[in-house]
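Working notes for the structure below.
Keep in mind that this is a model prediction, so the values were computed, not measured. Starting from 1, each residue takes its place in the sequence as its number. Hydrogens, waters and symmetry mates are skipped; everything else that's a heavy atom, side chains included, is used.
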Amino acid sequence: QVQLVESGGGLVQPGGSLRLSCVASGSIFSITSMAWYRQAPGKQREFVAAIVSGGMTNYADSVKGRFTISGDNAKTTVYLQMNNLKPEDTAAYYCRLVSGLGVIWGQGTQVTVSS
């Protein structure tokens with residue numbers, strides 16, 4: 001009943017910026033959190049940032065001070081503003097929604113930072 005669609009990925013030079021968007025559609029019940037994860041080729045998917053009900057946010061150490069997540073359980077869209085991008089940020093980025101009915105993942109959007 002719920003679908004997440006990410007957008008905003010692309011090619012960017014080191015030091016550049018991108019803003020990712022995740023739009024939720026369908027029936028959404030009691031959203032607990034929305035988050036971004038990323039996965040580089042040959043590597044395990046890792047946590048990037050999350051926002052929970054009430055607007056509290058959490059970030060991986062690797063992106064603190066550079067990335068900002070916005071949106072909450074009352075919204076249909078969550079964003080990830082990525083500044084001062086580094087080559088090691090290159091990955092497929094996935095949106096995740098957690099609600100009382102379960103966990104939903106988006107299809108992913110590719111971010112490539114040139115070196």
Would you give the length of the straight line joining atom SG of C95 to atom CD1 of I104, rounded to the nearest 0.5 angstrom?
-> 10.5 Å
If a pair satisfies salt bridge (Lys or Arg N to Asp or Glu O under 4.0 Å) and one of its residues is in residues 54-64, list it, with sequence neighbours excluded.
-> D61-K64
Please report the closest heavy-atom contact between M34 and C22, naming both atoms and the distance.
-> CE-SG, 4.4 Å
For P87 and S115 the tightest heavy-atom approach is CG-CB, 4.1 Å
What distance separates S33 OG from M56 CE, expressed to the nearest 0.5 Å?
-> 13.5 Å
Looking at residues at least two apart in the chain, or sitting in another chain, which of them share a side-chain hydrogen bond (donor to acceptor under 3.5 Å, both in side chains) with E88?
-> none
Flag the pair M82 / R19 as yes when at least one side-chain heavy-atom distance between them is below 4.5 Å, and no otherwise.
-> no
May I have all residue pairs that pass ring pair (Phe, Tyr, Trp, His ring centres under 6.0 Å) and include part of residues 82-115, sequence neighbours excluded?
-> Y37-W105
Report whether W36 and L4 are members of the same hydrophobic cluster (ILVMFWY, side-chain heavy atoms less than 4.5 Å apart, transitive linking).
-> yes
Under the criterion side-chain contact (heavy atoms from CB on, under 4.5 Å), which of V78, I69, T109 is the partner of L20?
-> T109
Who passes side-chain hydrogen bond (donor to acceptor under 3.5 Å, both in side chains) against N58, sequence neighbours left out?
-> none
Name all residues meeting the side-chain hydrogen bond (donor to acceptor under 3.5 Å, both in side chains) criterion together with T68; count only those two or more places apart in sequence or in a different chain, and write none if there are none.
-> none
Following the transitive rule for hydrophobic clusters with a side-chain heavy-atom cut-off under 4.5 Å over Ile, Leu, Val, Met, Phe, Trp and Tyr, establish whether L18 and V23 coincide in one cluster.
-> no
Taking side chain as C-beta onward, heavy atoms only, is T90 less than 4.5 Å from Q110?
-> yes
Side chains of R96 and V103: closer than 4.5 Å at any heavy-atom pair?
-> yes
List the atom pairs, donor and acceptor, that lie under 3.5 Å between side-chain atoms in residues 39-52 and the rest of the protein, sequence neighbours left out.
{"residue": "Q39", "atom": "OE1", "partner": "R45", "partner atom": "NE", "Å": "3.4"}
{"residue": "Q39", "atom": "OE1", "partner": "R45", "partner atom": "NH2", "Å": "3.4"}
{"residue": "Q39", "atom": "NE2", "partner": "K43", "partner atom": "O", "Å": "3.1"}
{"residue": "E46", "atom": "OE2", "partner": "R38", "partner atom": "NE", "Å": "2.7"}
{"residue": "E46", "atom": "OE2", "partner": "R38", "partner atom": "NH2", "Å": "3.3"}

Is V113 linked to V63 within one hydrophobic cluster, defined over Ile, Leu, Val, Met, Phe, Trp and Tyr using a side-chain heavy-atom separation of less than 4.5 Å?
-> yes
Heavy-atom pair with the smallest gap, counting every atom of R66 and D89 | NH1-OD2, 2.8 Å
Can you name the nearest heavy-atom pair linking S17 to N83, along with the distance?
-> OG-OD1, 2.9 Å
